[in-house]
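Chain naming here is simple, since letters A, B, ... match the order of the sequence lines and numbering starts at 1 in each.
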2 protein chains.
Amino acid sequence: MAAPTSASSAASAAPPSAAQELDTSYLETLVGYNTRRATLAIVEVFMDRMAAYGLSIVDFSVLSLVGHNPGATSRQLCATLGILPPNLVGIIASLDKRGLIDRRPHPTDGRALGLHLTDGGLALLRQAEATAASLEDDATRNLGPAERATLIRLLQKIYR
Amino acid sequence: MAAPTSASSAASAAPPSAAQELDTSYLETLVGYNTRRATLAIVEVFMDRMAAYGLSIVDFSVLSLVGHNPGATSRQLCATLGILPPNLVGIIASLDKRGLIDRRPHPTDGRALGLHLTDGGLALLRQAEATAASLEDDATRNLGPAERATLIRLLQKIYR
DNA sequence: TATTGTTATACTCTATAACTATA
DNA sequence: TATAGTTATAGAGTATAACAATA
């Protein structure tokens, strides 16, 4: 959480006044504090670079899930990403309007719509996923490959 | 992100319809996706249990930092927690109004106010920190002590 | 009767601009 | 002139209730 949030990060690498840093040793003993700080550090880089494609983090997640799960429904995306249905409507509508995804009648359920990438959506996803891989390497540059694998394994032990 | 967000988590351990789970294997290769999912899992438990003290996560962080850094200023809290000054004003005012913290004139800087815990604030912090320790143990129950230490070390390599 | 997708809406969180008083 | 704390305000993100169409 302490990471300067975009505002100050551009101009100043060192803090503007530095004043006096607080002792965070207690908070740093909490796993949740550390996962949150790490998430914010990565998310900041993620948002910066995905802005080039006009994609938010959720946009990227939706586009990627649809790409890897052709015919997925809104309901499935909501369950997977922890988004509530009313909040996904605008996201889907926006990706559809931009011509990145198609909404087709579901083959077996008349209530549902199956989501599919368009050719343009697939092309954008490939670029975005390449950018994501590169950005993740940068954000985790202090981790070796084995450490990165260990980190992911331990994190999944928490949420899976 | 996929974790059911409080709404469904109470009544149903298994998903309501289950429908068909999507393939998330690509997203799970991203460190950011995993840190975010783990954060959401812990945050959910954290919010549930801290509600007993009327503390949000930021309330807890502020109370804890002031407790471990008597005389800290708003500016320092903002820098440490990545909160913007206008968004901290209400939080500080609320903790003050509840009698958990005091705002005293800063000894050397007439513009600033030094923050201190009241006796009541210290008592509440001690309870809250005990609850946090217990809740963290629960949320990371699938990790051994060594794994927990490794996880924290690797996360700090990302954000420090 | 339950579920999918949707609208409307409210609440929280986060962000920017501008003011005051002190330095 | 720069900084600490503050106000007002705008924008995301997230939450609930309720509806039409379909199962």
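Contacts of A:Ser56 classified as side-chain contact (heavy atoms from CB on, under 4.5 Å), with partners at least two apart in sequence or in another chain: A:Val58, A:Asp59. Annotation: salt bridge (Lys or Arg N to Asp or Glu O under 4.0 Å) contacts of A:Arg160 (sequence neighbours excluded): B:Glu28. With sequence neighbours excluded, no residue forms a salt bridge (Lys or Arg N to Asp or Glu O under 4.0 Å) with B:Asp137.
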| request: Check the pair A:Asp102, A:Leu115 against side-chain contact (heavy atoms from CB on, under 4.5 Å), reporting the backbone distance first and the verdict last. | output: CA-CA 6 Å; A:Asp102 270 339; A:Leu115 303 173; over 6 Å; no
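Tested against A:Leu81 for a side chain to side chain contact (heavy atoms under 4.5 Å, CB included), the candidates A:Leu88, A:Val62, A:Ile57 yield a single pass: A:Val62.
Look at CZ on A:Arg75: it is 17 Å from P on D:dA23, rounded to the nearest Å. Here the P atom of nucleotide C:dT4 and the CD1 atom of A:Ile83 are 16 Å apart, to the nearest Å. Look at CD1 on A:Ile57: it is 15 Å from C1' on D:dT14, rounded to the nearest Å. One atom, CD of A:Gln20, and another, P of D:dT3, lie 17 Å apart when rounded to the nearest Å. Nucleotide C:dT3 holds its C1' atom 8 Å from the CG atom of A:Asp109, rounded to whole Å. One atom, CD of B:Gln76, and another, C1' of D:dA4, lie 11 Å apart when rounded to the nearest Å. Atom C1' of nucleotide C:dT14 and atom CD of A:Glu44 are separated by 14 Å, given to the nearest angstrom. Taking atom CG of residue A:Leu40 and atom C1' of nucleotide D:dA12, one finds them 15 Å apart after rounding to whole Å.
Which of D:dT6, D:dA4, C:dT6 sits closest to the side chain of B:Leu113 comes down to D:dT6. Listed candidates were C:dT16, D:dG5, C:dG5. Nearest to the side chain of B:Leu84 is C:dT16.
Residue contacts shown for A:Ser56 are absent, as no nucleic acid heavy atom lies under 4.0 Å away.
At a threshold of 4.0 Å, the pair A:Arg75-A:Asp109 does not count as salt-bridged, since none of the basic side-chain nitrogens sits closer than that to a carboxylate oxygen.
Residues in residues 79-137 of chain A take part in no ring-ring contact (aromatic ring centres under 6.0 Å, His included) pair, two or more places apart or across chains. Every pair passing side-chain hydrogen bond (donor to acceptor under 3.5 Å, both in side chains) that includes a residue from residues 120-134 of chain A is listed here, sequence neighbours excluded: A:Tyr53-A:Thr131, A:Ser64-A:Glu129, A:His68-A:Glu129. The stretch residues 84-99 of chain B participates, sequence neighbours left out, in these salt bridge (charged side-chain N to carboxylate O under 4.0 Å, His left out) pairs: B:Asp96-B:Arg103.
Nearest-nucleotide mapping onto DNA chain C: of A:Ser74 and A:Met47, the residue sitting toward the 5' end is A:Ser74.
Side-chain contact between A:Leu124 and A:Leu63: present, with at least one pair of heavy atoms (C-beta onward) separated by less than 4.5 Å.
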Show me the donor-acceptor pairs, under 3.5 Å and distance only, between side chains in residues 143-152 of chain A and residues at least two apart or in other chains.
residue	atom	partner	partner atom	Å
A:Glu147	OE1	A:Gly144	N	3.0
A:Glu147	OE1	B:Lys157	NZ	3.3
A:Glu147	OE2	B:Lys157	NZ	3.0
A:Arg148	NH2	A:Glu136	OE1	2.8
A:Thr150	OG1	A:Ala146	O	3.0

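With hydrogens and angles ignored, a donor-acceptor pair closer than 3.5 Å exists between the side chain of A:Arg111 and the base of C:dT3.
Residue A:Val89 belongs to no hydrophobic cluster, having no ILVMFWY side-chain heavy atom closer than 4.5 Å to its own.
Within a heavy-atom distance below 4.0 Å of DNA chain C, no residue of residues 62-71 of chain B is found. Residues from residues 96-108 of chain A that place a heavy atom under 4.0 Å from any atom of DNA chain C, listed by number: A:Arg103.
With axes fitted over five pairs at each extremity, the angle between the ends of the helix from C:dT1-D:dA23 to C:dA23-D:dT1 is 0° (10° resolution).
Not one N or O on the side chain of B:Thr73 forms a donor-acceptor pair closer than 3.5 Å with the backbone of B:Ala112. Looking only at distances, a side-chain donor or acceptor of A:Thr118 sits under 3.5 Å from a matching main-chain atom of A:Leu100.
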| note | Reading nucleotides 7-12 of chain C from 5' to 3' and marking B where a protein heavy atom lies under 4.0 Å of the base, S where only the sugar-phosphate is that close, and - otherwise, the string is BB----
